[in-house]
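Let me begin by presenting the structure, written as structure tokens, before commenting on it.
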Amino acid sequence: MTLGGSSSSSSSSSSLGTHSYGETAYWDDRYRKDGGPFDWYQKYAPLSPLFDLYLRRSHRLLLVGCGNSVLGESMVDDGYQDIINIDISTVVIEAMQQKYKDKPALKYLKMDVRDMAGFESNSFDGVIDKGTLDSIMCGHNAHENATKMLEEVARVLKDKGVYILITYGDPSYRLCVLKNLDTWTINMHVIDRLDRSPEQKSWELTKPLRLNEDGTSVAALLGSNPDVHYIYVCIKDESLRQKRNNNRVDREAKVG
């Protein structure tokens with residue numbers, strides 16, 4: 001996973017900030033030393049019921065910061081027909097291209113998620129992110145790079161397409177970043193961490209949690225330090241962008 005990689009499920013953002021997560025050299029070196037495979041946060045099997053809610057097997061899907069994850073392989077084995085994986089690391093992309101050369105439904109491209117000019121606008125039904133935004137937000141120029149990434153994700157998504165973000169970032173850290181674009185509606189899900197303590201409550205993955213404007217409703221429900229990963233399902237809605245543009249025009253007309 002690159003632009004990317006991130007912490008293990010138990011790491012915090014404060015422990016990650018010393019790495020150059022936005023730098024190709026960091027990831028090339030990492031993948032030379034550790035060829036994987038490795039999946040950040042969650043594997044496909046526990047996530048599949050949620051994917052079934054929002055995705056179709058025929059959808060054109062983009063996995064960003066794929067690294068040496070087997071997520072794409074698992075999805076193709078379960079019937080998904082068109083999955084493009086991108087990563088900033090030449091080392092890992094070349095390795096994955098070789099590994100999956102006999103799986104035409106799986107494609108691997110070297111690309112920076114902050115600049116996906118190689119893809120046309122409105123060309124994907126879904127984008128899946130397992131820790132990529134987390135990685136960017138722990139690196140240098142975090143806010144600027146996160147904005148670039150999210151703008152590109154929104155651009156390549158079709159209207160009503162979905163950006164599925166699996167993250168350790170609770171709404172107090174992630175919601176405002178996602179809402180700044182004014183380009184999608186957001187459903188909030190949670191999934192138990194793989195290393196969850198047995199005494200912790202188990203949450204129903206496919207049931208969205210009530211999400212108020214600032215995300216405090218989720219914190220109130222889950223309590224402090226829940227053993228979960230947060231899943232933000234962002235559904236692109238072109239009408240929201242048009243509404244924002246119309247409001248801007250109205251404000252400028254009044255000032256004029």
Side-chain angles (χ1 to χ4, degrees), residues 1 6-10 36-85 100 103 105-106 124-134 153 157-171 174-175 178 184-212 215 217-223 225-237:
M1 146 192 307
S6 185
S7 65
S8 66
S9 60
S10 61
F38 182 76
D39 267 285
W40 298 86
Y41 299 169
Q42 299 283 336
K43 298 182 183 298
Y44 172 65
L47 291 169
S48 61
L50 180 81
F51 288 178
D52 285 339
L53 281 182
Y54 295 103
L55 304 174
R56 300 291 177 267
R57 297 302 192 273
S58 59
H59 277 171
R60 186 175 190 235
L61 303 176
L62 174 64
L63 274 55
V64 295
C66 62
N68 48 27
S69 166
V70 297
L71 177 64
E73 176 187 359
S74 299
M75 293 179 71
V76 167
D77 289 345
D78 197 27
Y80 287 92
Q81 301 165 18
D82 188 1
I83 296 180
I84 296 178
N85 301 261
Y100 294 113
K103 279 187 178 286
L106 270 179
F124 288 96
D125 298 287
V127 176
I128 299 173
D129 171 1
K130 218 150 51 80
T132 301
L133 184 63
D134 287 358
V153 167
L157 275 176
K158 299 176 181 178
D159 190 30
K160 309 309 179 190
V162 295
Y163 169 47
I164 300 177
L165 168 64
I166 299 123
T167 171
Y168 64 77
D170 68 47
R174 293 291 179 269
L175 195 58
L178 295 168
W184 38 43
T185 59
I186 302 174
N187 293 340
M188 179 88 248
H189 297 259
V190 294
I191 185 171
D192 293 326
R193 292 186 177 186
L194 298 179
D195 57 355
R196 177 181 65 90
S197 302
E199 64 273 11
Q200 290 286 329
K201 180 174 181 178
S202 181
W203 301 93
E204 187 177 345
L205 172 63
T206 56
K207 184 178 180 180
L209 304 183
R210 187 175 72 85
L211 184 65
N212 61 0
S217 58
V218 175
L221 178 64
L222 299 183
N225 300 317
D227 276 348
V228 301
H229 288 122
Y230 301 86
I231 304 177
Y232 302 81
V233 180
C234 306
I235 304 168
K236 184 176 176 180
D237 186 345

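Note that the coordinates shown come from a computational prediction; the quantities given were computed from them, not determined experimentally. Along the sequence shown, residues are numbered consecutively beginning with 1.
- Of the inter-residue distances, the one linking Ile191 atom CD1 with Leu47 atom CG reads 4.5 Å to the nearest 0.5 angstrom.
- To the nearest 0.5 angstrom, Leu178 atom CG is 5.0 Å from Ile186 atom CD1.
- Annotation for Gly215 and Pro171: closest pair CA-CB, 3.7 Å, computed over non-hydrogen atoms.
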Step-by-step side chain to side chain contact (heavy atoms under 4.5 Å, CB included) determination, Ile166 to Ile164: CA-CA 6 Å; Ile166 299 123; Ile164 300 177; 4.2 Å; yes
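- Minimum interatomic distance between Pro46 and Pro49 (heavy atoms only, all atoms of both residues): O-CD, 3.4 Å.
- Smallest separation of non-hydrogen atoms from Pro37 and Val70: CB-CG1, 3.8 Å.
- The closest side-chain heavy-atom distance from Leu209 to Val190 is below 4.5 Å.
- The side-chain heavy atoms of Arg174 and Leu133, taken from C-beta on, include a pair separated by under 4.5 Å.
- Side-chain atoms of Trp203 never come within 3.5 Å of backbone atoms of Leu222 as a donor-acceptor pair (strictly under, hydrogens ignored).
- Atom CH2 of Trp184 and atom CG of Asp237 lie 12.0 Å apart (nearest 0.5 Å).
- For Tyr230, there are no side chain to side chain donor-acceptor pair (under 3.5 Å) partners, not counting sequence neighbours.
- Within the 3.5 Å criterion, the main-chain N or O of Leu205 finds a donor-acceptor partner in the side chain of His189.
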Evaluation steps, side chain to side chain contact (heavy atoms under 4.5 Å, CB included), between Val153 and Asp129: CA-CA 10 Å; Val153 167; Asp129 171 1; over 6 Å; no
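- Partners of Tyr232 under the ring-ring contact (aromatic ring centres under 6.0 Å, His included) rule, at least two apart in sequence or in another chain, do not exist in this structure.
- For the residue pair Val162 and Leu55, the shortest heavy atom distance occurs at CG2-CD2, 3.6 Å.
- Between Cys66 atom SG and Ile83 atom CD1 the span is 11.0 Å, to the nearest 0.5 Å.
- Applying the side chain to side chain contact (heavy atoms under 4.5 Å, CB included) test between Tyr163 and each of Val233, Leu157, Ile235, Ile128 identifies Leu157 as the sole match.
- Listed for the Lys103 side chain is no donor-acceptor partner under 3.5 Å among the backbone atoms of Glu73.
- Note that CG of Leu50 and CD of Glu204 are 11.5 Å apart. Values are rounded to the nearest 0.5 Å.
- Of all heavy-atom pairs between Tyr54 and Asn187, the closest is OH-ND2, 3.1 Å.
- At least one donor-acceptor pair closer than 3.5 Å links the side chain of Thr132 to the backbone N or O of Val64.
- Side-chain polar atoms of Asn85 and Tyr100 form no donor-acceptor pair below 3.5 angstrom.
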Evaluation steps, side chain to side chain contact (heavy atoms under 4.5 Å, CB included), between Met75 and Tyr44: CA-CA 7 Å; Met75 293 179 71; Tyr44 172 65; 3.6 Å; yes
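- The CG atom of Asp52 lies 7.0 Å from the CG atom of Asp78; values are rounded to the nearest 0.5 Å.
- Looking at Asp192, its side chain never comes within 3.5 Å of a backbone N or O of Ser202 through a donor-acceptor pair.
- Applying the ring-ring contact (aromatic ring centres under 6.0 Å, His included) criterion to Tyr80, with sequence neighbours excluded, gives no partner residue.
- Smallest separation of non-hydrogen atoms from Pro226 and Gly223: CD-O, 3.5 Å.
- Contact check on Arg193 versus Asp227 returns no salt bridge, with no Lys/Arg side-chain nitrogen under 4.0 Å from an Asp/Glu carboxylate oxygen.
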CA sep, side-chain torsions, deciding dist, call: Leu63, Leu71, side chain to side chain contact (heavy atoms under 4.5 Å, CB included): CA-CA 9 Å; Leu63 274 55; Leu71 177 64; 3.8 Å; yes
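- Side chain of Asp77 to backbone of Gly79: no donor-acceptor contact under 3.5 angstrom is found.
- With Asp125 as the fixed residue, the side-chain hydrogen bond (donor to acceptor under 3.5 Å, both in side chains) test singles out one of Arg60, Lys160, Lys158: Lys158.
- Proximity of Ser74 to Lys43: side-chain heavy atoms (C-beta onward) are nowhere separated by under 4.5 Å.
- When only modelled atom types and interatomic distance are considered, Tyr41 and Asp134 share a side-chain donor-acceptor pair under 3.5 Å.
- Judged by the 6.0 Å distance and 45° axis criteria, Arg57 is not positioned over the aromatic ring of Phe51.
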